[in-house]
Amino acid sequence: MNDAPPAIRVERIEALRPTDLHDLCVITDDSIKAGGGFGWLKPPPRHVLEAYWRGVLMIPERTLFVGWLDGAIAGSCQVHRPPDNNQAQKSACNLTTHFVVPWARGYGLSGQLLRSAEQYAKDAGFRVINLDVRATQETALEHYRNHGYIRFGRHPYYARVDGRDVEGYYFYKPLVDTDGEPDA
C-alpha cells in the first residue's frame, strides 16, 4: 500500500503535444459537466474544445499553466495580460479559466496553479491580479478568499443559467505591498 501524497506539477505551456490537447479537452468536458466555468454550460463538440485550447496559445496576451496530478493533466489556468494599447491598466492582469477536474480536487493542485500564476504575474511586473466568478461556484469563491483575494464587486446579471440570472463576483489580489515592493 502506497500512502505517499500524489505528485503535483505545474508548468507554463507554450506548445501542446497531441496527448496534452486530448487530455485538456477531456478534463474541460468533465469540469463543465460538473458545473465548472469557462462560460460554457454544457460541453461543446470536441473540435470546438480543440480549437479553443489551440487558440489560447495563439493569443500573445495569454499565458497558459497546466497542472498534473500523478502524471495526468488535471487542471489549468491562464494569466491574461492587458493589450499594449491599454496603458492605463498595464499594472493589472487577470486570472481566467482556473479549474481542476473533479477527480483531482482536494490534493492542492488548484492552489499550486494559483501560486504559479501569481508568481508569473509578479515576475512580469504586475501589481495586482483580478478575477471574476459566478456566485454558484461556492468552492471557488472560498478558495479565492482563502488565498487572499478580496471581493470588490457584485454583478446581479453576471450569467444566465437554466433560464435564471446568476450573480457574479469580482476579486483582486495585490501582488505588491503598500510600499510598491513585491510581496514576500
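This is a predicted model, so every value here is computed, not measured. We number each residue from 1, following the sequence as shown.
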Could you tell me if [Y] and [X] have a donor-acceptor pair between their side chains, going purely by distance under 3.5 Å?
X      : Y      : result
His155 : Arg134 : no
Trp53  : Thr28  : yes
Tyr169 : Glu167 : yes
Thr96  : Gln78  : no

Quick check on the hydrophobic clustering: are [X] and [Y] connected, directly or via other members, by side-chain heavy-atom contacts under 4.5 Å?
X      : Y      : answer
Leu16  : Tyr52  : yes
Ile8   : Val101 : yes
Leu49  : Ile59  : no
Val56  : Val26  : no
Trp103 : Ile32  : yes

For atom CZ of Phe152, is the number of surrounding heavy atoms from other residues, nucleotides or ligands below 6.0 Å larger than 12?
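More than 12 within 6.0 Å, yes.
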
Which distance, rounded to the nearest 0.5 Å, do you find between the [atom1] of [X] and the [atom2] of [Y]?
X      : Y      : atom1 : atom2 : result
Ser76  : Ile13  : OG    : CD1   : 10.0 Å
Arg81  : Glu61  : CZ    : CD    : 6.5 Å
Gln112 : Cys77  : CD    : SG    : 10.0 Å
Tyr157 : Arg164 : OH    : CZ    : 13.5 Å
Phe65  : Arg115 : CZ    : CZ    : 13.5 Å
Ile73  : Leu24  : CD1   : CG    : 4.5 Å

Residue pair Glu50, Arg46: steps toward the side chain to side chain contact (heavy atoms under 4.5 Å, CB included) verdict
CA-CA 6 Å; Glu50 288 178 0; Arg46 177 60 177 259; 3.2 Å; yes

Short question: side chain of [X], backbone of [Y] - any donor-acceptor pair under 3.5 Å?
X      : Y      : answer
His98  : Ser110 : yes
His147 : His143 : yes
Arg160 : Gly163 : yes
Asp70  : Ala7   : yes

What about the rings of Tyr149 and Tyr144, do their centers lie closer together than 6.0 Å?
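Here the rings of Tyr144 and Tyr149 have centres that are less than 6.0 Å from each other.
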
Does some side-chain heavy atom of Val10 sit less than 4.5 Å from a side-chain heavy atom of Leu109?
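In contact.
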
Quick one: does Arg54's side chain get under 4.5 Å of Leu21's, heavy atoms only?
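Touching, per the 4.5 Å side-chain cut-off.
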
Specify the closest pair of heavy atoms between [X] and [Y], including all atoms of both residues, with the distance to one decimal.
X      : Y      : answer
Ala140 : Val133 : CB-CG2, 4.1 Å
Cys93  : Val79  : SG-CG1, 3.8 Å
Tyr107 : Pro6   : CD2-CG, 3.2 Å
Pro82  : Ala92  : CD-O, 3.2 Å
Leu131 : Leu95  : CB-O, 3.7 Å
Gly75  : Leu113 : C-CD1, 3.9 Å

Name all pairs fulfilling the salt bridge (Lys or Arg N to Asp or Glu O under 4.0 Å) condition that reach into residues 84-111, sequence neighbours left out, sorted by first residue then second.
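Sorted result for residues 84-111: Asp84-Lys90.
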
Could you walk me through whether Arg12 and Thr63 pass the side chain to side chain contact (heavy atoms under 4.5 Å, CB included) check?
CA-CA 7 Å; Arg12 179 179 170 194; Thr63 300; 3.3 Å; yes

Side chain to side chain contact (heavy atoms under 4.5 Å, CB included) evaluation trace for Leu57 with Leu64:
CA-CA 7 Å; Leu57 295 178; Leu64 176 63; 4.0 Å; yes

From CA spacing to verdict: side chain to side chain contact (heavy atoms under 4.5 Å, CB included), Leu175, Ile129:
CA-CA 7 Å; Leu175 300 175; Ile129 191 165; 4.1 Å; yes

